[in-house]
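Okay, so here's the structure we're looking at.
Below, all heavy atoms of this structure are taken into account, side chains as well, without hydrogens, waters or symmetry copies. One-based numbering, in listed order, for ligands and for the atoms of each.
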Amino acid sequence: MPVSQSELTQHFEHVLKLSRVDETQSVAVLKSHYSNPFIVTAAMEASYRLGAKAYAVELPAFNHRTAMGNDLTAYVGHTALTGHPAAQQALMAADLVVDTMMLLHSPEQEAILKSGTRILLAVEPPEMLARMLPSLEDKRRVEAARQPFEAAETFRVTSAAGTDFRARLGQYPVVTEYGFADEPGRWDHWPSGFLFSWPNEGSAEGKLVLDVGDILLPFKTYVRDKPVTLEIEEGFIRRIHGGFDAEYLRDYMAHFKDPDVYAISHIGWGLQPRAQWTALGLHDKNDAIGMDARAFYGNFLFSTGPNTEVGGPRNTPCHMDIPMRHCSVYLDDMAVVEEGDVVAPEASRIET
Ligand SMILES: O=c1ccc(O)c[nH]1
Ligand SMILES: [Fe+2]
């Protein structure tokens, strides 16, 4: 459904207030020609309504000839900000950056955050921003799941379809996403509502079996053919086999001619009840990057490629996000998700 400019601006006022924007703050709206003008206008207007000093930083779109499609998460790491210290300074000068062009998984984003500047990514269509308007309750539930995740040494996933995956934890931090950037140096994404970490280098192993209904981002396809099996050893996908979906995934990843694309990247689970598994099927591919799929309550989300977000050495541009249903996720011996339903910690659950 269409969302009016005034409704979207009100939502931005709500989210920027949660992001601690007030008359003491400056807000830089990072945009490019493909930014949603309703979002840019709403971010500027809402900032001024909150008494903040807002300004826009406009960069020309960056295209790499290896990149295919328009999804902003398909080709990551190298952006219009790469090698542009003046623009980076202009963003680091702000207390909060509203990113409407996608810096995620880029070293430049990490440098901006390290300066204490907060970043809020907002690139989804206004219908999704409105439907998954963040709340302090979202933050409470997602942050409740952080504690056992940070304490755990092993991460294990199983499913009736045959998934049997494990990884050691501890080398990298836990990252939470609850939809607003309220702490110095925090990055967040509106809409969201999930958390993840990265396997210790070389520790991910076993089998991930994508069953019918699991989702392949940025393809924005639901697996419909027989299962896709990924065999993982020492942190990397060694074999991908199954039907058409497997062949398509193999061909797409091979296109990048970069061994790092087969690395397992962030692993975690979804805690957003207002995110819907079915939403992706209602949008054209260029409408959205598919945050419903990444955040739906009880999913297991894994990904491939870069670990730049946590200062890792892999800055490979090919990034797959693959949310799966009906999985069981264990932190050490504690199940946090059982066959697609969140079971622990109790404080992270919702009454279904
Ligand atoms: O919110 C996001 C979006 C994409 C991604 O790879 C991680 N988190
Ligand atoms: Fe991802």
Side-chain angles (χ1 to χ4, degrees), residues 15 19 39 67 69-79 97-107 109-110 113 118-125 128-129 132 134 138-139 142 145-146 149 167 172-181 186-199 204 208 214-220 230 237 249 252-253 256 260-272 274-275 279-280 283 287-297 299-310 312 314-324:
V15 175
S19 301
I39 291 178
N70 295 314
D71 185 295
L72 297 171
T73 66
Y75 190 98
V76 296
H78 196 130
T79 72
V97 172
V98 177
D99 175 7
T100 72
M101 64 173 282
M102 181 60 81
L103 294 177
L104 183 54
H105 301 305
S106 73
Q109 168 162 307
E110 293 320 296
L113 294 170
R118 312 188 300 280
I119 299 179
L120 179 67
L121 176 64
V123 293
E124 287 294 57
M128 291 182 182
L129 296 177
M132 291 181 270
D138 284 346
K139 173 177 180 180
V142 172
R146 172 200 287 275
F149 203 170
Y172 292 115
V174 168
V175 175
T176 58
E177 292 190 27
Y178 43 73
F180 48 95
R186 177 177 179 81
W187 173 84
D188 212 310
H189 185 176
W190 167 28
S192 59
F194 57 105
L195 70 166
F196 48 86
S197 187
W198 279 253
L208 287 165
D214 291 341
I215 293 173
L216 292 158
L217 297 171
F219 304 158
K220 301 195 177 76
L230 310 180
I237 299 166
L249 179 59
Y252 177 80
M253 294 179 89
F256 289 84
D260 278 351
V261 309
Y262 297 102
I264 297 296
S265 179
H266 56 83
I267 51 177
W269 67 100
L271 287 172
Q272 179 52 267
R274 287 169 289 150
L280 197 68
H283 279 271
D287 273 1
I289 64 170
M291 288 309 289
D292 279 275
R294 290 184 184 84
F296 71 83
Y297 190 77
N299 80 16
F300 161 56
L301 171 66
F302 81 94
S303 63
T304 65
N307 58 4
T308 41
E309 199 180 334
V310 282
R314 275 190 307 278
N315 186 12
T316 183
C318 170
H319 183 57
M320 298 293 304
D321 281 316
I322 303 179
M324 298 169 67

Atoms in ligand 1 with a heavy atom of His266 nearer than 4.0 Å: 5 (C), 6 (O), 7 (C)

Value rounded to 0.5 Å, distance of CD1 in Ile322 from OG in Ser303: 8.5 Å

Closest approach to the Fe ion (ligand 2) by Asp321, given as the N, O or S atom name: OD1

Option whose closest heavy atom lies nearest to atom 8 (N) of ligand 1, chosen from Met291, Glu177, His189, Glu124: Glu177

Residue portion contacting ligand 1 (non-hydrogen atoms closer than 4.0 Å) for Ile289: neither

Sub-3.5 Å N/O-N/O distance, Asp321 and ligand 1: yes

His266 atom (N/O/S) at minimal separation from the Fe ion (ligand 2): NE2

Ligand 1 atoms in contact with His319 (distance to a heavy atom under 4.0 Å): 6 (O)

Ion pair check, Arg294 and Asp321, cut-off under 4.0 Å: yes

Heavy-atom donor-acceptor pair, Glu124 side chain to Ile289 backbone, under 3.5 Å: yes

Beyond-backbone contact of Phe180 with Asp188, side-chain heavy atoms, under 4.5 angstrom: no

Proximity to ligand 1 by part of Trp190, non-hydrogen separation under 4.0 Å: neither

Donor-acceptor pair, side chain of His319 and main chain of Thr304, under 3.5 angstrom: yes

Side-chain donor or acceptor of Asn299 paired with backbone N/O of Ala293 under 3.5 Å: yes

Residue His319, metal the Fe ion (ligand 2), N/O/S under 2.8 Å: yes

His105: numbered ligand 1 atoms lying under 4.0 Å from its heavy atoms: 5 (C), 6 (O)

Expected output: side-chain Thr308 to main-chain His105 donor-acceptor under 3.5 Å: yes

